[in-house]
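Report on one structure; see the data block that follows.
FYI, side chains are in, hydrogens and waters are out, and symmetry mates aren't considered; it's all heavy atoms of this structure.
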Amino acid sequence: MDFNIVAVFARGITIELCNELPYLAGEAYRIKIDGETAYETQQNVFSIDRLLPDTEYEISVATEGGEVSHRVRTNQESALLDVRRFGAVGDGKHDDTLCLQAAINACPDYGTVYLPEGTYYTKPLFLRSNFTLYLAERAELSASEKREDYPVLPGIIRNECDFDREVNFGTWEGNPLDAFASLVTGLHVENVDIIGGGVVNGNAQKGDWWEDVRTRRTAWRPNIFFFNGCRRIRMQNLRIQNSPSWTIHPYYSDDLGFYNLTITNPYHSPNTDGFDPESCTNVLMAGSLISVGDDCIAIKSGKYYMSRFHYKSTDHITIRNCKLERGHGCVTIGSEASCGVKNVKVSQCIFSRTDRGVRVKTRRGRGELAVVTDLDFENILMEDVHMPLTLGMFYFCDPDGHSEYVQCQEEAATDERTPMIGNIRLKKLTCTGTDAVFVCMYGLPEQKVRSVLIEDADVTFRDREDLKPMQPLMMDHFMEMSGKSVYLRNVREVSLRNVTIRGSLDGAPELIAVDDIRLENLQYQ
C-alpha cells in the first residue's frame with residue numbers, strides 16, 4: 001500500500017494512499033514515525049501534526065501485507081510565538097482579540113503563532129502574509145456572538161479621482177455587497193498556513209445570525225474563514241463548526257489547499273455551506289468530512305455584475321477522498337457562476353444522506369460568460385442520496401427569479417445574458433437508496449446542455465413503499481418525481497454506458513428534445 005506526501009508544513013504533513021477507493025481504505029493501517037507506531041486509521045488522507053520544524057522524518061504505512069516508507073523534511077520556522085506571552089488568557093470568557101491580533105502582527109516572516117490548550121474568545125482576526133497559525137489539539141478559537149463586534153467590509157469603494165475604478169472587499173451571494181468581516185479574514189495575503197488539531201467555533205447558535213436571514217441588518221452575515229484576493233493559503237486538520245453563513249469562502253484567490261478538515265453546522269442552519277470557492281483557480285480539497293445545513297461544497301464565480309466588471313472564472317478545482325453528508329447537495333455548481341466554472345474533478349468521495357449528489361444550477365441572466373464545462377466525477381459512492389444528479393437552467397433565485405424571462409420554457413433569443421453548460425462526465429458511480437430520480441436534467445431550449453456521459457453506474461432505488469415524491473429542480477411549475485430513472489430535456493448529446501438501474505418505477509429514460517442519445521448496455525432490473 002504505497003502513499004504520497006501531498007502537503008508539508010513546518011509542524012506537520014499530510015499523506016494520501018495510492019488507491020481508487022472512496023474516502024476509506026479497505027483496511028486499517030498504521031502510520032509510523034521513525035519506526036514507532038503513532039496512528040492507526042482507515043482514511044485515505046491523513047494529517048500528522050506535532051512534528052518539529054526543519055526536521056527529517058521517516059514516515060511509514062504498515063498493513064498486514066507489508067510496509068512502505070518515505071522520508072520527508074518539514075519546513076523551516078523562524079520563530080514560535082505563544083499567544084499567552086502576548087497576554088491571551090484562553091479561559092473562554094476574557095476577550096483575547098487584541099492579544100491574538102498582536103501576536104499575528106508581530107510574527108516575523110515564516111514564523112508560527114501558537115495557541116496552546118484553552119478557549120480563546122475573540123472578535124474577528126485579520127491575517128498577514130508569510131506565517132502559520134497553529135491551534136493545538138485542545139485549543140479553541142471561539143467567536144463573539146455579538147453582531148456589534150464585527151467590522152464591516154464594504155462591498156465597493158470607488159476611487160475619488162477615477163470613479164470607474166473599484167475596490168471590492170465584501171461580498172454576498174455573488175454580488176459586491178457590504179458584509180461583516182469573518183472570524184478569520186485574509187485580504188490580499190499570501191503564504192499562510194492554518195493548521196493543528198484545534199477547533200474554530202463560529203458560535204452562530206448563540207447569537208441571531210440564523211434568524212431573519214433574508215434581511216440585511218447593517219451588513220450581510222460573515223463566514224468563519226474568508227480569503228479575498230489571496231494566494232497560497234493552506235488549512236490542515238482543523239474542526240470548524242457553527243458558522244453564521246458559508247463556512248470557508250475563498251474569493252478571487254489562487255493556489256489553495258485544504259486537508260483533513262471537519263466542517264459541521266446544524267442540519268437546519270440556513271446558508272451554512274461548508275466550502276465555497278468563488279472565482280478561484282488551482283484549489284484542492286482532500287480528505288475532509290463536511291456535514292452542514294446547505295450545500296457541502298458549492299463552486300461559484302459571482303453574478304452578472306462581477307462578470308462584467310471583475311471577471312475571473314473558477315478553474316481547476318479538485319475534490320478528492322472526501323465524505324460529504326447531510327445538507328442540500330454534496331457538490332453544487334452555481335447558481336452564482338456568471339464568470340464560468342471549468343475543469344472540476346471530483347473523485348474517490350462518499351456522498352451520504354443529502355437531497356442531491358451532483359447539482360448544477362443556472363438561469364437566464366447569468367450571462368454569456370457563465371460557461372460551466374468539463375466537470376468530471378469518478379469513483380463516487382452515494383448512500384441514501386435522494387437525487388444523485390440534477391441539472392437545471394431555470395433556477396428561480398434572485399428578485400426576478402420567478403419572472404417570465406427566467407421561467408418561460410419556450411425558446412428565447414440567445415444573447416449576452418444567456419448561460420451555457422458544456423461537458424459533464426460521471427464514471428464509476430454506485431448509488432444505493434436512491435429515491436426521487438437518478439438523473440434529472442432540463443436545459444434551456446435556446447441553449448441546450450452540450451454533452452453528458454454517464455458510464456459504469458450501478459443504481460439501486462429504495463423499496464417502493466419507501467419512495468417519496470420530491471421536486472428535483474428548483475424552477476416554477478416543475479413536477480415532483482418518485483422512483484424515476486432518467487429524465488432529460490433540452491440536451492444535445494447524452495451517452496449512457498454500462499448503467500444498471502434497479503427498482504425504479506419506470507423501464508426507460510424519458511427524453512424530450514434530446515438531439516443525440518447513445519445507450520450502450522443500459523439495464524433495468
Side-chain angles (χ1 to χ4, degrees), residues 7 9-14 31 33 36-41 43 46-55 57 74-75 77-108 110-128 131-145 149 182-185 192-206 224-225 234-243 247-248 258-265 287-289:
F9 302 84
R11 293 179 174 269
I13 65 171
T14 297
I31 298 173
I33 302 174
E36 297 292 329
T37 298
Y39 304 96
E40 184 170 324
T41 184
Q43 288 185 223
F46 190 81
S47 292
I48 301 168
D49 60 6
R50 300 192 296 274
L51 302 180
L52 295 176
D54 195 21
T55 302
Y57 293 93
T74 53
N75 293 342
E77 177 183 271
S78 64
L80 180 68
L81 279 60
D82 188 325
V83 296
R84 292 184 184 267
R85 295 289 301 274
F86 287 77
V89 177
D91 63 357
K93 300 176 183 178
H94 184 272
D95 185 351
D96 285 325
T97 307
L98 292 179
C99 302
L100 298 176
Q101 191 66 61
I104 293 171
N105 291 355
C107 189
Y110 307 107
T112 296
V113 173
Y114 174 60
L115 279 67
E117 179 178 345
T119 300
Y120 300 87
Y121 179 80
T122 183
K123 301 166 187 174
L125 300 171
F126 289 81
L127 303 174
R128 53 153 295 168
F131 92 112
T132 296
L133 182 63
Y134 180 32
L135 279 70
E137 186 172 355
R138 291 184 176 86
E140 178 176 323
L141 201 61
S142 182
S144 167
E145 70 277 12
D149 285 344
S182 298
L183 177 61
V184 179
T185 298
V192 176
D193 292 337
I194 306 173
I195 66 172
V199 174
V200 182
N201 193 342
N203 285 326
Q205 78 285 1
K206 295 182 179 180
I224 291 184
F225 288 95
R234 301 188 299 174
M235 299 178 64
Q236 181 208 46
N237 215 29
L238 297 167
R239 289 170 289 154
I240 308 165
Q241 61 196 40
N242 297 320
S243 182
T247 308
I248 302 176
F258 304 87
Y259 310 93
N260 283 122
L261 303 179
T262 299
I263 302 171
T264 56
N265 297 312
S288 294
L289 170 65

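- Of the possible donor and acceptor atoms, none in the side chain of Asn242 sits under 3.5 Å from a partner among the backbone N and O of Asn201.
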Sequence neighbours excluded and cut-off under 3.5 Å, please list the side-chain donor-acceptor pairs for residues 114-126, or say none.
unit_1, atom_1, unit_2, atom_2, d
Tyr120, OH, Pro116, O, 2.9
Tyr121, OH, Ser144, OG, 3.3
Thr122, OG1, Thr97, OG1, 3.4
Lys123, NZ, Asp95, OD2, 3.3

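- Distance alone, capped at 3.5 Å, is enough to place a donor-acceptor pair between the Asp96 side chain and the Val89 backbone.
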(message) Ile194 vs Leu127, test: side-chain contact (heavy atoms from CB on, under 4.5 Å). Steps then yes/no.
(response) CA-CA 10 Å; Ile194 306 173; Leu127 303 174; 4.1 Å; yes
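- For the atom pair CD1 of Ile263 and CE of Met235, the computed distance is 7.5 Å after rounding to the nearest 0.5 Å.
- Here the straight-line distance linking atom CG of Asn75 with atom OG1 of Thr132 works out to 8.0 Å at 0.5 Å rounding.
- Side-chain atoms of Phe131 and Thr112, non-hydrogen and from C-beta on, never get closer than 4.5 Å to each other.
- Counting all heavy atoms, side chain and backbone alike, Gly12 lies closest to Leu51 at CA-CD1, 4.0 Å.
- Shortest non-hydrogen contact noted between Asn203 and Ser142 is ND2-OG, 2.8 Å.
- Scored by the side chain to side chain donor-acceptor pair (under 3.5 Å) test, Arg138 finds no partners at all (sequence neighbours excluded).
- When all heavy atoms are compared, the tightest approach of Leu183 to Ala143 is CD1-CB, 3.7 Å.
- Heavy atoms only, all atoms of each residue included: Arg11 and Leu80 are closest at NH2-CD2, 3.6 Å.
- Contact check for Val113 versus Phe86: no side-chain heavy atoms found under the 4.5 Å cut-off.
- To the nearest 0.5 Å, atom OG1 of residue Thr185 and atom CD1 of residue Ile224 are 11.5 Å apart.
- Under the 4.5 Å side-chain criterion, counting only non-hydrogen atoms from C-beta, Leu238 is not in contact with Gln236.
- Within the model, atoms OH of Tyr57 and CD1 of Ile48 stand 10.5 Å from one another, a figure rounded to the nearest 0.5 Å.
- Leu133 has its side chain within reach of Leu135: a pair of non-hydrogen atoms, C-beta onward, lies under 4.5 Å apart.
- The two atoms that bring Arg239 and Gly197 nearest to each other are NH2-O, 3.4 Å, heavy atoms only.
- Of all heavy-atom pairs spanning Gly287 and Gln43, the tightest one is O-NE2, 3.8 Å.
- In this structure, OG1 in Thr14 is found 7.0 Å from CG in Asn237, a value given to the nearest 0.5 Å.
- Annotation: the span from Leu81 atom CG to Asn105 atom CG amounts to 11.0 Å, rounded to 0.5 Å.
- Residues Val83 and Cys99 have side chains not in contact (no heavy-atom distance under 4.5 Å, counting atoms from C-beta outward).
- Using a 4.5 Å heavy-atom cutoff, the side chains of Tyr39 and Ile33 are in contact.
- Cation-pi geometry between Arg234 and Phe9 is met: under 6.0 angstrom from the ring centre, within 45 degrees of the axis.
- Between the side chain of Ser288 and the backbone N or O of Thr262, no donor-acceptor pair lies under 3.5 Å.
- Checked against salt bridge (charged side-chain N to carboxylate O under 4.0 Å, His left out), Glu140 has no partners two or more places apart in sequence or in another chain.
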